[in-house]
Amino acid sequence: MNETSSSRGNTHIGGRERREFLGLLVGATGAVGAVAFTWPIVDSLNPAKDVLSLASIDVNISELQEGQSITVKWRGKPVFIRYRTQLEIKKAEDANWQKFRDPQSDTERVKKAKYIVVIGICTHLGCVPLGQKNITQRGEYGGWFCPCHGSYYDESGRVRKGPAPLNLTVPPYEFLDERTMRIG
Amino acid sequence: MREPCVSAKSNRLQKITTMEKNEQPIRKTFQNSILAWIDERLPIISIMQREYINYPTPRNVNYFWSFGAIATVMLLVMITTGLVLAMQYTSHTAMAFSSVQRIMRDVNYGWLLRTIHMNGASMFFLAVYIHIYRGMYYGSYKKPRELIWILGVMILLLMMATAFTGYVLPWGQMSYWAATVITNLFSAVPLIGEHIVSFLWGGFSVDNPTLNRFFVLHFLLPFVILGVVLLHVAALHVTGSNNPDGVDVKSKRDTLPFHPYITSKDSLAMLVFAIIYAAIVFYAPNFLNHPDNAIPANPLSTPEHIVPEWYFLPFYAVLRAIPNKLLGVLGLFGGVAILFFLPFLDRSKVRSCRYRPIYRWFLWAFVIDVVFLGWLGGRPAEEPYILWARLGTLYYFGFFLLLVPLVSLFERPSPLPASISEPVLKTADRPRVS
Ligand code: HEM
Ligand code: FES
């Protein structure tokens, strides 16, 4: 008791600074340690390596006829491939796209005009829009209609009405030859 | 001990020793020697006695005051049934659906435990919504009970997270698409939205990592709720209960001991509640269920008409009423979060709506509005429902942000009774029995 109080009484400036410095050092080391401990915990929730390893799939499109659509699964998500009719292509190209919510021309969104390829996930809250199987469900803009909260997409997959903020996403893809398309 | 240079520390020590020597033990000891032995070391029994037997409760509380106790019992029912369900459930996308089917068909009383748990979520929300409305009508959120109210809103948010993660577990179509739509709400966050969503999923869509973490969270959160409930009740026992007149307790005449008066009243309320609950469990176990959830999850096809559970419908209607994605999501969360601010938006000193002739009607209109929004949330997203939902949303937020503050400034409350016991004794018109 006595010893500590006397040494405290004798504290000179250097000693006090040393004390504060030590306190700061301990605090800072602790803070770094806490962050270093927290980050792995948080990051473990991010997609793991097996999930990340981006698989690509090859799709045979030789059977697809004009006016038909197919849905394939890529990275757990549906991808819509539609062989558009001449009329659909013309409507998509002639649309006054500069005025759209997410302005994009049709040519920006396709590699070959006859095929429109989009991820079949509504950009609002992720439902799968209708219109692939049943053409009466395509909605008033002729592309796809999301019934969850009423978003309408056109022949180019561009959002035209409803709460969705963006056009349907075009996934990375290429044509390997006349019959095969590679997605991813 | 009398030396001049005694430090503060030894002074305190000295005080404690003298106290121990001279004073009787402060704690009441119990007849039963085991109880006495425990209580001297950990006064848990005398605390329980003080808070749940003697606890002075306003003598005029009505049955609305039983819903807190009912909600607590519901929490315990959920934890008990959930615990044994979890021992049979498999949180893997390939097996979750069939493991729930197995619970329904093969596990002893699995069908019963699951229907109790499933409908228990609804009954729990029902009790809590009535409990919240009680607080709004009788002004229980006002000074000095603001913190009780805020802890309550935290419980509501935790319950919503628990119910949502639980609903995903059976891995039916509704489970899957509810998980997809709700996690996608976070994609509305500017710039980092997409990253948040893939962080929540642990992948690029709702999938096995998502199901696993939801199961863990669904297991954990009820215990977090239990902790917040303890704080909620501890805060209540600091201020004491509010009452239908909303006036402060002024004397012993205004209160009754918790036991046997309130315990018996709560027990009756609980029995009636349990009978309704049991009637649903046994006679209409799927009444609140969506048939699409009997179809295993299919990531390639969304059911044509997806709806959340009934207790989320009003907020869902708000989401759909707002045509902008980010604002819609803010509206959905804001609809719950605005409850946090109610104690500070309402400037009226009068608590109970019994004495607030104008506010009372706006509050009833608010209840009708919430029910109306709930109904709209279950309709398809098309006209005229969207327009109606917009009007409903306008009233919802207008109520909190305009009507509550303005009415509280301009309303002239009717005269308050002098005390809780005064009107009781007057109307009873008989000599006091107490
Ligand atoms: C706050 C309390 C709770 C609420 C509101 C709640 C809510 C729910 C809901 C809505 C479901 C979906 C029911 C269905 O459609 O089948 C569910 C399922 C489940 N819950 Fe809970 N729950 C709670 C507590 C717990 C606890 C404490 C556990 C475990 C310790 C648990 C374990 C489970 C399991 C394993 C399932 C899946 C089996 C099934 O679908 O019946 N729950 N829960
Ligand atoms: S998810 Fe498609 S409109 Fe909401």
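By convention in this document, chain letters (A, B, ...) are assigned in the order of the sequence lines, proteins followed by strands, and residues within each chain are numbered from 1.
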Between B:I306 and chain A, which part of the residue has a heavy atom less than 4.5 Å away: side chain, backbone, both or neither?
-> side chain
Atom CD of A:Q98: over 12 foreign heavy atoms under 6.0 Å | yes
Contact part of A:T123 toward chain B, heavy-atom cut-off under 4.5 Å: side chain, backbone, both or neither?
-> backbone
Heavy-atom nearest pair, B:R213 first then A:S44, reads NH2-O, 4.5 Å
State the CD-OG distance between A:Q132 and B:S301, to the nearest 0.5 angstrom.
-> 12.0 Å
Are A:P47 and B:S198 close enough that some pair of their side-chain heavy atoms sits under 4.5 Å apart?
-> yes
For chain B, the option from A:T71, A:V42, A:I121 that forms the most heavy-atom pairs under 4.5 Å | A:V42
In terms of heavy-atom proximity below 4.5 Å to chain A, should B:E382 be classed as side chain, backbone, both, or neither?
-> neither
Is it the backbone or the side chain of B:Y316 that comes under 4.5 Å from a heavy atom of chain A, or both, or neither?
-> side chain
When the 4.5 angstrom heavy-atom criterion is applied to A:L45 and chain B, the contacting part is both
Atom CD of A:E140 with >12 non-hydrogen neighbours under 6.0 angstrom = yes
Between B:S187 and chain A, which part of the residue has a heavy atom less than 4.5 Å away: side chain, backbone, both or neither?
-> side chain
Below 4.5 Å from any heavy atom of chain A, which atoms of B:L319 appear? Answer side chain, backbone, both or neither.
-> side chain
What part of A:Q137 lies closer than 4.5 angstrom to a heavy atom of chain B: side chain, backbone, both or neither?
-> side chain
Top contributor to chain B contacts, counting heavy-atom pairs under 4.5 Å, from A:G126, A:G150, A:G76 | A:G126
Do you know which two heavy atoms are closest between B:F204 and A:R75, and how far apart they sit?
-> CZ-NH2, 3.8 Å
Would the number of heavy atoms belonging to other residues, nucleotides or ligands and lying under 6.0 Å from NE2 of B:H305 be above 12?
-> yes
Going from OG1 on B:T302 to CG on A:L125, what distance comes out if it is rounded to the nearest 0.5 angstrom?
-> 11.5 Å
Report, as yes or no, whether the 6.0 Å neighbourhood of atom NZ on A:K90 holds more than 12 heavy atoms from other residues, nucleotides or ligands.
-> no
Side-chain touch A:C127/B:V181, heavy atoms, less than 4.5 angstrom | yes
Members of residues 324-337 of chain B whose heavy atoms come closer than 4.5 Å to chain A | B:K325
Test side-chain contact (heavy atoms from CB on, under 4.5 Å) applied to B:L300 and A:V128, step by step | CA-CA 7 Å; B:L300 295 189; A:V128 178; 5.9 Å; no
For B:P299, is it the side chain, the backbone, both or neither that has a heavy atom under 4.5 Å from a heavy atom of chain A?
-> both
Near B:L391 CG, under 6.0 Å, is it more than 12 heavy atoms from other residues, nucleotides or ligands?
-> yes
With sequence neighbours left out, the residues meeting disulfide bond (SG atoms under 2.5 Å apart) with A:C122 are none
A:R101 atom CZ, over 12 foreign heavy atoms within 6.0 Å | yes
